[in-house]
Amino acid sequence: MQLQQAYLSCPVPARLCLLRLAALLRGRRNLMSDRRSPLHRYAVILTLCILQSTALFAQTPIPNWCRKLPRPEYKTVKRVSISDPWFEVYKPAQGVFAIYEPHQAEETISYLIVGEKRALLFDTGMGISDLKKVIAQLTGLPIIVLNSHTHNDHVGDNWEFSTIYGMDTDFTRQNARGSRLDAQAEITSDQICGALPKGFDSKAYTTRPWKITAYTHDGDRFDLGGRILEVIATPGHTPDAISLLDRAKGLLLTGDTYYPGPIWLFRPETDLDAYAASIRRLAALAPQVKVIMGAHNIPVASPTVLPRLVTAFDVVRAGKVQPSPDSPGKVLYKVDDISFLMRAPAAH
């Protein structure tokens, strides 16, 4: 039990060390003889773990983003046990499961919202491991899939589900065809933290095509049985971006319109004017909301961030914030704890 607790509390790369250690100990039981004291046994475990981790880290460079894991905020959220180590599942609110992918740089979070008669899956993640199997461990209810938007890191396992609602946009229809290029960019060495799932074929990895069952629109409501979710169109990050509101419970799921971390606003499909209007619409809801749930990094945030998000974006667009260089063609604007990754200004 103590070794299991140590495993769960370790940063992701260190967990690989502990898994290797467990296998090593199974073959070297004489090191753990009952004639030894508990202190000696723990010393053996620590020594072997250090040796294993040193060798592991020497072989595989650790991306900088991976070194910051686990994020401390997860200590405040109830964790749910599942069988697939690619995912971590948390319960940020009653009847809501946050399905987190900490082994990939996007740190994508999909949400399963459970009613009395059916459940709604808000995004399906990267499609690197089998999300449908995880869902089956959390609920036996019929599943509706609805995407916060259709970038590849949010629709990866759409193909596994039979009922998928999409926004009525050309962007959505294009992305439903799938993509190999976007998927392959997600599994380069700097994007992966630890090991890919056993049996995963990196060369064959694609975002698979999926079928839109029906279209949804701003203001639509999904009745899950004792729980109603409202669709709020929040274009800007993409043309088909939406948020979900559970008014009765004060929950707002914001997709990529807001999450704790640099908000991506640099892609060709991003519309900054539309984004400005969308975050104002969300900020107007702040008094009715208890918890914000974004689609990356951390599954809980205070609704007080929404008006601050509007202010931060306004000062950036007014040219009052000096950007810092980021990756080629991009700059980072930071206003207190809110940041935006945007296209670099055109040279004059």
Side-chain angles (χ1 to χ4, degrees), residues 106 108-111 120-127 144-159 161 163-183 185-186 206-222 229-245 252-259 261-285 292-296 306 309-310 313-314 316-317 329-330 333 340-344:
E106 304 279 8
T108 301
I109 305 172
S110 305
Y111 291 91
L120 188 145
L121 182 57
F122 197 47
D123 290 340
T124 62
M126 303 294 305
I144 301 166
V145 170
L146 183 62
N147 299 114
S148 65
H149 60 297
T150 55
H151 278 155
N152 69 291
D153 52 320
H154 298 267
V155 300
D157 269 330
N158 272 21
W159 67 276
F161 297 90
T163 305
I164 303 172
Y165 284 80
M167 291 295 280
D168 190 2
T169 73
D170 290 339
F171 185 78
T172 308
R173 285 182 282 273
Q174 175 62 39
N175 288 340
R177 299 174 184 173
S179 169
R180 175 177 171 80
L181 187 62
D182 285 344
E186 304 283 18
T206 63
T207 302
R208 300 196 197 186
W210 43 276
K211 183 178 179 180
I212 301 169
T213 308
Y215 289 107
T216 190
H217 305 86
D218 182 43
D220 284 354
R221 296 186 176 194
F222 288 85
L229 301 175
E230 299 178 34
V231 175
I232 302 173
T234 48
H237 175 71
T238 65
D240 60 354
I242 63 171
S243 297
L244 274 185
L245 177 63
L252 180 63
L253 292 85
T254 53
D256 278 11
T257 300
Y258 171 77
Y259 50 83
I263 298 168
W264 286 16
L265 298 174
F266 60 82
R267 291 178 61 112
E269 62 268 20
T270 297
D271 182 330
L272 298 183
D273 290 335
Y275 182 77
S278 292
I279 59 177
R280 279 174 166 75
R281 186 176 183 188
L282 294 184
L285 294 171
I292 300 291
M293 300 179 186
H296 295 275
L306 295 176
L309 177 67
V310 171
F313 192 62
D314 284 350
V316 165
R317 296 197 79 193
K330 306 179 191 69
Y333 293 92
F340 307 97
L341 188 61
M342 300 172 68
R343 292 186 288 268

Open item on the list: Distance check, rounded to the nearest 0.5 Å: Arg173 atom CZ versus Met167 atom CE?
Closed with: 11.0 Å
Open item on the list: Counting C-beta onward and ignoring hydrogens, is there a side-chain heavy-atom pair between Phe222 and Thr216 closer than 4.5 Å?
Closed with: yes
Task: Thr254-Thr257 side chain donor-acceptor pair, cut-off 3.5 Å - done: no
Open item on the list: I'd like to know if the side chain of Thr234 and the backbone of Ser278 have a donor-acceptor N/O pair within less than 3.5 Å.
Closed with: no
TODO: Assign the ring pair His237 / His149 to parallel, tilted or perpendicular, where the plane angle (0 to 90°) is split at 30° and 60°.
DONE: perpendicular
Task: Leu252 side chain reached by Ser243 side chain, heavy atoms, under 4.5 Å - done: yes
Task: Side-chain touch Trp264/Lys330, heavy atoms, less than 4.5 angstrom - done: no
Task: Contacts of type side chain to side chain donor-acceptor pair (under 3.5 Å), residue Asp157, not counting sequence neighbours - done: Trp159
Open item on the list: Can a donor-acceptor pair be found, under 3.5 Å and without considering hydrogens, that links the side chain of Asp271 to the backbone of Asp273?
Closed with: yes
Task: Flag side-chain contact, heavy atom, 4.5 Å: Ile144 against Tyr165 - done: yes
TODO: Would you check if Ile164 and Lys211 make a side-chain contact, meaning some heavy-atom pair closer than 4.5 Å?
DONE: no
Open item on the list: Side chains of Tyr111 and Leu146, heavy atoms from C-beta outward: is any pair under 4.5 Å?
Closed with: no
Open item on the list: Any heavy-atom pair between the side chains of Leu244 and Leu120 that's under 4.5 Å?
Closed with: yes
- [ ] Could you tell me whether a side-chain N or O of Asp123 sits under 3.5 Å from a main-chain N or O of Ser148, the two making a donor and an acceptor?
- [x] yes
TODO: Would you tell me whether Asp240 and Thr150 have side-chain atoms, one donor and one acceptor, within less than 3.5 Å of each other?
DONE: yes
Task: Matching residue for His296 among Asp256, Ile263, Ile109 - test: side-chain contact (heavy atoms from CB on, under 4.5 Å) - done: Asp256
